[in-house]
> 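Shown below is the structure under consideration.
Keep in mind that what you see is a predicted model, and the values were worked out from it rather than measured. What's counted below: heavy atoms across the whole structure, side chains too, no hydrogens, waters or symmetry copies.
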Amino acid sequence: MTLAAFIMKRASELPEGTPIVAKEFLHLGRRAAVDQALSRLRRSNRLLRVERGVYVQPVETRFGVRPPSVSKVVEALASLKGEQLAPHGAASANALRLTTQVPVRTVYLTSGRSRRLRLGAQEMELRHAPAWQLALPHRPAGQVIRALAWLGPKEGLKSLSFLGRALPPSELEALAATRAQLPAWMAHQIGAFVNG
C-alpha cells in the first residue's frame with residue numbers, strides 16, 4: 001500500500017472534520033515523504049488543507065463533494081491543539097436574539113493564537129481572547145458573557161433585562177458565579193441584575 005493510499009484509508013475511518021496531520025504518519029516514512037503525499041492528495045482534491053500541516057477529508061454526499069462542517073473542524077482542531085474555543089460575541093448575540101445582524105464571517109474565540117483558516121472556499125477566523133470571554137463555552141450563560149462583551153457597557157443592562165426572562169435560574173446562577181473573572185463594568189451589571 002502506498003503512503004497516499006494509507007493516508008486516505010486512515011482518513012476514511014475518521015469522523016467528519018477530524019484533522020489529519022503529518023505527525024500521525026511519521027512511522028511510515030520520513031517527514032518530507034509524508035508532507036509530499038499530503039500535498040499531492042490536496043492537489044488532487046482528495047484532502048483539503050485547513051492550515052499548514054493540517055488537512056481534512058471532504059465529505060461525499062449524493063449531491064457531490066462538500067467541505068466538512070466548519071464547527072466540527074474548528075472544534076476538532078481546538079481539541080487537537082489543547083485550546084479552549086467559544087463562538088464570537090456577535091454570533092452569541094444573534095443566537096440570543098439580541099441583534100438581527102448575522103455575522104458575515106465565521107469567527108471563533110480561542111485561547112490559542114489568532115489565525116485564519118481555510119476550508120475550501122470558506123474562510124474562518126480564530127481570534128485570541130482573554131480567559132473570561134471563554135468562560136462557560138457550551139452554556140447559554142457563556143453566550144450571555146460573550147454577547148455582553150460584544151455589545152459593550154451601554155447596551156448591557158437593556159440586554160440583561162431581556163435575557164433575564166429567557167434564561168432558566170440555573171443559567172442565571174452560573175452567570176453570577178463567573179463575576180469574579182469578568183471586567184468590572186460587566187460584573188457590576190450582572191450583579192445588579194441578578195441581585196435585583
> Quick check: closest heavy atoms across Leu134 and Ser111, and the distance to 0.1 Å?
CD1-N, 3.6 Å
> Okay, side chain of Arg10, backbone of Ile7: is any donor-acceptor separation there less than 3.5 Å?
no
> Might you work through the side chain to side chain contact (heavy atoms under 4.5 Å, CB included) test for Thr99 and Trp150, ending with a clear yes or no?
CA-CA 11 Å; Thr99 181; Trp150 181 73; 4.0 Å; yes
> Using the test salt bridge (Lys or Arg N to Asp or Glu O under 4.0 Å), find all partners of Glu16 that sit at least two apart in sequence or belong to another chain.
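For Glu16 the salt bridge (Lys or Arg N to Asp or Glu O under 4.0 Å) partners, ignoring immediate neighbours, are Arg66, Lys72.
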> Can you tell me how far the CZ atom of Arg40 sits from the CG atom of Leu3, to the nearest 0.5 Å?
7.5 Å
> Please determine whether residues Leu48 and Leu117 belong to a single hydrophobic cluster, defined as Ile, Leu, Val, Met, Phe, Trp and Tyr linked transitively by side-chain heavy-atom distances below 4.5 Å.
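Looking at the clustering, Leu117 is in the same group as Leu48.
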> State plainly whether one hydrophobic cluster holds both Val56 and Tyr108, where clusters connect Ile, Leu, Val, Met, Phe, Trp and Tyr through side-chain heavy atoms under 4.5 angstrom apart.
yes
> Please report the closest heavy-atom contact between Pro58 and Arg46, naming both atoms and the distance.
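What the structure gives for the nearest pair is CD-O, 3.2 Å.
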> Return the minimal non-hydrogen interatomic distance between Val70 and Met124, and the atom names on each side.
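That would be CG1-SD, 3.3 Å.
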> Let me confirm one number: the OG1-CZ distance from Thr106 to Arg116, rounded to the nearest 0.5 Å.
12.0 Å
> For Glu60, does the CD atom have more than 12 heavy-atom neighbours from other residues, nucleotides or ligands under 6.0 Å away?
no
> Just by modelled atom types, is the Ala141 backbone N or O under 3.5 Å from a matching donor or acceptor in the Glu171 side chain?
yes
> Ignoring hydrogens, what is the shortest heavy-atom contact between Leu41 and Ala4? Give both atom names and the distance.
CD1-O, 4.0 Å
> Treating Ile, Leu, Val, Met, Phe, Trp and Tyr as nodes and any side-chain heavy-atom pair under 4.5 angstrom as an edge, say whether Phe25 and Leu80 lie in one connected cluster.
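No, separate clusters.
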> Side chain to side chain donor-acceptor pair (under 3.5 Å) with Ser71: which residues, sequence neighbours excluded?
Ser69
> Could you give me the CA-CA distance, side-chain angles and deciding distance for Leu14 and Gln57, then say whether side chain to side chain contact (heavy atoms under 4.5 Å, CB included) is met?
CA-CA 9 Å; Leu14 298 171; Gln57 183 178 25; over 6 Å; no
> Which value, rounded to the nearest 0.5 Å, describes the distance between Arg179 atom CZ and Leu175 atom CG?
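So the gap between those two atoms works out to 8.5 Å.
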> Can you measure from CD1 (Ile145) to OG1 (Thr178) and round to the nearest 0.5 angstrom?
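Rounded to the nearest 0.5 Å, the CD1-OG1 separation comes to 3.5 Å.
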> Under 3.5 Å, which donor-acceptor pairs do the side chains of residues 83-90 form with other protein atoms, sequence neighbours left out?
unit_1	atom_1	unit_2	atom_2	d
Glu83	OE1	Thr110	OG1	2.7
Glu83	OE1	Arg115	NH2	3.3
Glu83	OE2	Arg115	NH1	3.4
Glu83	OE2	Arg115	NH2	3.1
His88	ND1	Ala90	N	3.0
His88	NE2	Arg127	NH1	3.2

> Please report the shortest heavy-atom distance between Pro19 and Val54, naming the atom on each side.
CB-CG1, 3.8 Å
> Do Leu151 and Val144 land in one hydrophobic cluster if side-chain heavy atoms of ILVMFWY residues count as linked below 4.5 Å?
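Same cluster.
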> Distance check, rounded to the nearest 0.5 Å: Arg139 atom CZ versus Leu167 atom CG?
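Separation between the atoms: 10.5 Å.
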> Of all the heavy-atom pairs spanning Leu96 and Ala147, show the shortest one and how long it is.
CD1-CB, 4.1 Å
> As a quick check of understanding, evaluate side chain to side chain contact (heavy atoms under 4.5 Å, CB included) for Leu148 and Ile190, giving each step before the final call.
CA-CA 10 Å; Leu148 290 176; Ile190 290 171; 4.2 Å; yes
> With side chain to side chain contact (heavy atoms under 4.5 Å, CB included) as the test, pick out the partner of Arg118 among Glu123, Glu51, Arg49.
Glu123
> Identify, with sequence neighbours excluded, every residue that meets side chain to side chain donor-acceptor pair (under 3.5 Å) alongside Gln189.
none
> Scan residues 129-138 for pairs that pass side chain to side chain donor-acceptor pair (under 3.5 Å), counting only residues two or more places apart or in two chains.
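Of all non-adjacent pairs touching residues 129-138, none passes side chain to side chain donor-acceptor pair (under 3.5 Å).
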> Sequence neighbours excluded, which residues qualify as side chain to side chain contact (heavy atoms under 4.5 Å, CB included) partners of Ala22?
Arg31, Val34, Asp35, Leu38
> Roughly how far apart are Phe6 CZ and Met8 CE, rounded to 0.5 Å?
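Answer for the CZ-CE pair, Phe6 versus Met8, is 13.0 Å.
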> Are Leu182 and Leu109 connected into the same hydrophobic cluster when the rule is that any two of I, L, V, M, F, W, Y join if their side-chain heavy atoms are below 4.5 Å apart?
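No, Leu109 and Leu182 fall in different hydrophobic clusters.
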